[in-house]
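Let me begin by presenting the structure, written as structure tokens, before commenting on it.
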Amino acid sequence: KLSDEKLVDVYQDVLVELEATRTFHLTAGFSTKQYDEFRSFLKYRLQLLMEIHARNIEIPVQMER
């Protein structure tokens with residue numbers, strides 16, 4: 001298990017990766033592999049978010065999406 005601080009750090013990293021991936025795909029399109037990777041990022045983000053909420057950790061507003 002991650003500490004509260006590490007959990008938020010990892011969540012931030014996932015958001016950065018998602019945004020980078022989203023931007024890339026807006027200009028390039030998806031290959032099958034890229035689409036699967038994007039879905040994996042989304043699933044991981046959701047799992048992190050669920051754990052953050054279960055621990056009642058506050059997420060800064062600009063991070064919630």
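Everything numeric here is computed off the predicted structure, so don't read it as measured data.
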Heavy-atom side-chain contact between Gln12 and Asp9 under 4.5 Å: yes

Point-to-point distance, once rounded to the nearest 0.5 Å, from CE of Met50 to NE2 of His53: 10.0 Å

Student check: side-chain heavy atoms of Ile52 and Asp4 closer than 4.5 Å: no

Spacing of Tyr44 atom OH and Leu18 atom CG [to the nearest 0.5 Å]: 11.5 Å

Closest heavy-atom pair and its distance - Arg55, Leu2: NH1-O, 2.6 Å

Leu48 vs Leu7, side chain to side chain contact (heavy atoms under 4.5 Å, CB included): CA-CA, chis, key distance, verdict: CA-CA 7 Å; Leu48 290 171; Leu7 185 63; 3.6 Å; yes

Approximate separation, where rounding is to 0.5 Å, of Arg45 CZ and Leu15 CG: 5.0 Å

Minimal non-hydrogen separation, Phe41 against Val14, with atom names: O-CG1, 3.9 Å

